[in-house]
Engineer: 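Can you keep this structure in mind? I'll have questions shortly.
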Amino acid sequence: MAQAGVKGSELPIRGPADSGQGASTERSEPLPIRWGVLSLPAVLGLLFAFGLPIALLTANSLFRHAGPGRVAPTVTLDNYVAFLTDPFFLRILLDTFVLGFMVVSICAILGYPVAYFLARTRSRCRGMMIFLVVAPLLVSAVIRNLGWVPLLGTNGFVNWLLLLLGLVDRPVALVNNFVGVVIGTSHAVMPFMILMLMTVIQRINPEIEEAAVNLGASQWQNFWQIVFPLSIPGLLGGYLIVFTITISSFTTPAMLGGNRVLIMSTFISQQVRFVLNYAFGATCAVILMAVAIALTVVAVRQSERRG
Amino acid sequence: MSEVRLEHVSRTYDRVTAVDDVSLTVAEGQFLTLLGPSGCGKTTTLRMIAGFLQPTAGTIYIKGEDVTRVSANRRDTGMVFQTYALFPHMSVAANVAFGLKMRGIRGEAAAVRVRDALRVVQLESMADRLPRQLSGGQQQRVALARAVVIRPQVLLMDEPLGSLDLKLRQELQIQIRSVQQELGITAIYVTHDQGEALSMSDRVAVMRNGRVEQLDQPDRLYSRPVNAFVANFVGRTNLLAVEVIEVFAAQSSCKVRSTDAPDLAFSVAIADADRAWRPGDRCLLGFRPENGVLGSTAENRIGARVRDVRYFGATRSVALTNALGGSLDIDVPSGNPIPARGESTEISWRPNGCFLLPREDS
Ligand SMILES: Nc1ncnc2c1ncn2[C@@H]1O[C@H](COP(=O)(O)OP(=O)(O)OP(=O)(O)O)[C@@H](O)[C@H]1O
Ligand SMILES: [Mg+2]
């Protein structure tokens with residue numbers, strides 16, 4: 001009897017692909033055209049402000065360097081070959097990646113608890129707390145970095161604290177080097193990671209966590225088996241934004257790296273502003289962009305696969 | 001031996017008292033339902049038993065053991081949520097296996113139990129699907145399988161059918177009840193649907209404002225409600241304000257008269273021995289719509305005028321205005337003749353088809 005009753009409840013299975021579509025498709029048909037027209041200004045604007053310079057840049061990278069500040073319009077791949085075969089240049093690219101991954105890791109590890117707290121708290125001060133997280137974005141990069149210098153210097157607060165706690169017995173170099181760049185950049189991009197994670201964690205039904213605990217999961221198991229896997233789209237999104245901003249950032253590496261940190265952005269600036277080798281500067285820029293695009297595609301694919 | 005016992009359990013949020021001095025016991029293998037209107041404290045009570053909330057006072061026992069301070073993941077309860085709360089990144093089988101994995105049961109032993117649990121809810125063929133590839137009813141059955149596969153001491157369900165349509169709800173009511181009986185699991189079920197409570201439960205606790213108003217078997221709840229709130233929340237009731245004039249033979253029956261029209265007298269057979277009525281007591285006389293008949297065939301009678309008739313298939317519901325200006329509802333089998341709208345008639349009912357209730361303000 002129960003069996004017969006249950007048969008009737010076998011509703012058609014909805015796959016992820018066809019959910020929310022169907023009847024509404026027909027009605028929304030005229031929409032794309034109108035929206036297409038309305039988005040023309042933005043598309044044209046982007047084309048001129050973004051597409052054109054990139055086209056010129058790419059063109060420059062394919063020309064030969066013809067003395068300071070000049071290029072000869074002969075198409076060649078020499079610049080790319082020069083970059084990709086010289087360990088010195090490859091090292092710069094690698095350092096850029098290392099910086100990116102370090103910053104992403106620091107943001108993910110330090111930002112996760114904050115994001116989880118903000119996603120789950122019912123405090124009345126939640127809005128205020130989110131504002132505080134976003135606050136670093138309201139300060140110009142120059143001001144923010146100027147603030148870090150006295151904190152990280154040999155006689156700065158951080159070293160004073162480390163000495164006081166007996167963690168080191170001589171001041172450590174925290175600025176005008178790679179460490180300084182990592183610290184400064186992490187601080188600057190942390191809000192993006194936190195906001196990305198927060199929105200994704202917020203969408204995890206709290207009852208799912210309760211179900212896990214109810215079934216016997218400890219806090220640790222609940223985190224690693226339920227919360228963490230479900231927040232991976234947020235981590236991917238955060239990684240995407242943080243990594244691309246970091247590998248293309250210039251102000252912070254320049255200010256906190258003290259001319260000693262050579263990553264792609266600072267190196268490109270050297271080529272263009274001091275060496276005046278526009279062709280090679282353009283080549284580096286194109287390579288950096290290609291890498292960023294490749295990573296974006298991978299991350300987007302991943303998060304799409306996880307639905 | 002009682003499987004679950006609550007002793008003077010209370011819970012306050014800030015200044016709101018959500019659960020107020022609740023004591024109840026659920027025997028082994030029994031199905032108890034917490035029934036009550038929105039905000040009466042059902043969810044709060046259930047979550048305290050599950051361990052998600054700490055009572056502000058009182059003690060909770062499971063299998064005779066005080067679990068009041070035991071954390072939720074060590075209480076060995078199985079919970080079914082209204083939102084299903086399936087793990088969206090795990091297959092149906094992995095969802096069901098989760099509780100087993102947390103108990104260190106893996107491999108073939110776990111696989112066998114998962115298969116059995118899915119067979120009980122008739123979802124064996126869906127083991128490899130993801131939750132989002134299932135309908136609402138199927139998801140809720142997975143949630144049920146996931147909760148019972150660990151053979152918990154007590155199965156807790158918080159309005160598990162709340163978001164399903166009527167037909168599916170009725171099917172799943174039958175299925176939940178049969179799974180519970182087949183496995184002999186002690187169960188506590190939360191609902192605000194009185195029909196669901198009456199049809200599924202061994203016992204029902206009717207709650208209001210954080211308190212248990214009555215805890216009884218469904219048929220007793222219906223035929224002998226302890227007060228007007230229960231009488232109205234569980235089924236429909238016709239109420240008349242009356243005063244006791246005479247009590248017969250050791251509380252077996254009594255005579256009452258209307259407080260509005262002293263010449264209207266009624267006889268009532270008293271069944272609940274725990275309340276002693278005395279002449280002069282002011283109270284309410286109640287009878288169910290199906291216990292009233294059109295015409296003057298039974299002993300208790302009151303004049304009434306037909307106001308409205310609604311058709312419900314097997315019965316017609318006749319709404320009348322009684323001689324005192326109050327409202328009355330009578331259910332009449334569909335074949336029977338019914339006076340026309342506006343016509344005057346008489347309503348009657350038998351002394352053992354009615355009950356006395358205390359006045360709310362006394
Ligand atoms: N987290 C909370 N903070 C403050 N008050 C709460 C909280 N949760 C519940 N309450 C209050 O406690 C009372 C009981 O709530 P509860 O959720 O137990 O009701 P319920 O019987 O489950 O109702 P429903 O049928 O609507 O689910 C309500 O008055 C509610 O407003
Ligand atoms: Mg509730």
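Each chain gets a letter, A, B and so on, in the order its sequence line appears, and its residues count up from 1. Bear in mind that the values here come from a model prediction, so they are computed numbers and not experimental data.
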Engineer: Considering residues, nucleotides and ligands other than A:R126, do more than 12 of their heavy atoms fall under 6.0 Å from its CZ?
Structural biologist: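 Check passes, neighbour count above 12.
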Engineer: In terms of heavy-atom contacts, does CD of A:Q219 have more than 12 from other residues, nucleotides or ligands at under 6.0 Å?
Structural biologist: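 12 or below, so no.
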Engineer: Does B:H89, at its NE2 atom, have more than 12 non-hydrogen atoms belonging to other residues, nucleotides or ligands within less than 6.0 Å?
Structural biologist: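 Buried by this count: over 12 neighbours within 6.0 Å.
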Engineer: Roughly how far, to the nearest 0.5 Å, is the CD atom of A:E207 from the CG atom of B:D158?
Structural biologist: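 Here the interatomic distance stands at 7.5 Å.
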Engineer: Heavy-atom pairs under 4.5 Å with chain B - which of A:G216, A:P206, A:S218 has more of them than the others?
Structural biologist: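 Looking at each of A:G216, A:P206, A:S218 in turn, A:G216 comes out on top.
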Engineer: Using a 4.5 angstrom heavy-atom cutoff, name the option from A:N205, A:I204, A:L230 with the most pairs to chain B.
Structural biologist: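 Of the options given, most contacts go to A:L230.
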Engineer: side-chain contact (heavy atoms from CB on, under 4.5 Å), that's the test. Do B:M102 and A:Q225 meet it? Break it down for me.
Structural biologist: CA-CA 11 Å; B:M102 294 301 116; A:Q225 306 203 21; 3.6 Å; yes
Engineer: List the atom of B:A85, the atom of A:A211, and the distance in Å for their closest heavy-atom pair.
Structural biologist: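 Smallest heavy-atom distance, with atoms named: O-CB, 3.8 Å.
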Engineer: Using a 3.5 Å distance criterion without hydrogens, assess whether the side chain of A:N214 forms a donor-acceptor pair with backbone atoms of B:M79.
Structural biologist: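 Yes, A:N214 side chain to B:M79 backbone: donor-acceptor pair under 3.5 Å.
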Engineer: For A:I226, is it the side chain, the backbone, both or neither that has a heavy atom under 4.5 Å from a heavy atom of chain B?
Structural biologist: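 Contact with chain B: backbone and side chain both.
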Engineer: Are more than 12 heavy atoms, taken from residues, nucleotides or ligands other than B:R113, located less than 6.0 Å from that residue's CZ atom?
Structural biologist: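 More than 12 heavy atoms, drawn from other residues, nucleotides or ligands, come within 6.0 Å of this atom.
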Engineer: Which heavy atom of B:F52 sits nearest a heavy atom of A:E210, and at what distance?
Structural biologist: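 In this case the closest contact between B:F52 and A:E210 is CZ-O, 3.3 Å.
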Engineer: Could you pull out the closest heavy-atom pair between B:A72 and A:V213, with the gap in Å?
Structural biologist: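 Heavy atoms only, the tightest pair is CB-CG1, 3.8 Å.
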Engineer: Counting only non-hydrogen atoms closer than 4.5 Å, does B:R146 touch chain A with its backbone (N, CA, C, O), its side chain (CB onward), both, or neither?
Structural biologist: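 Both parts, backbone and side chain.
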Engineer: For B:Y13, is the OH atom crowded, meaning more than 12 foreign heavy atoms sit under 6.0 Å from it?
Structural biologist: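 Enclosed: over 12 neighbouring heavy atoms sit under 6.0 Å from OH of B:Y13.
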Engineer: After noting the C-alpha distance and the side-chain angles of A:Q221 and B:K101, does the key distance pass the side-chain hydrogen bond (donor to acceptor under 3.5 Å, both in side chains) rule?
Structural biologist: CA-CA 11 Å; A:Q221 287 167 322; B:K101 199 164 86 182; over 6 Å; no
Engineer: Output, in order, the C-alpha distance, side-chain angles, deciding distance and verdict of side-chain contact (heavy atoms from CB on, under 4.5 Å) for A:I208 and B:Y84.
Structural biologist: CA-CA 8 Å; A:I208 287 177; B:Y84 319 138; over 6 Å; no
Engineer: Can you tell me which portion of B:L156 sits under 4.5 Å from chain A's heavy atoms? Options are side chain, backbone, both or neither.
Structural biologist: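 Contact with chain A is absent: no heavy atom of B:L156 under 4.5 Å.
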Engineer: Check each atom of B:R75 against the heavy atoms of chain A and say whether the ones under 4.5 Å are side chain, backbone, both or neither.
Structural biologist: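 Interface part for B:R75: neither.
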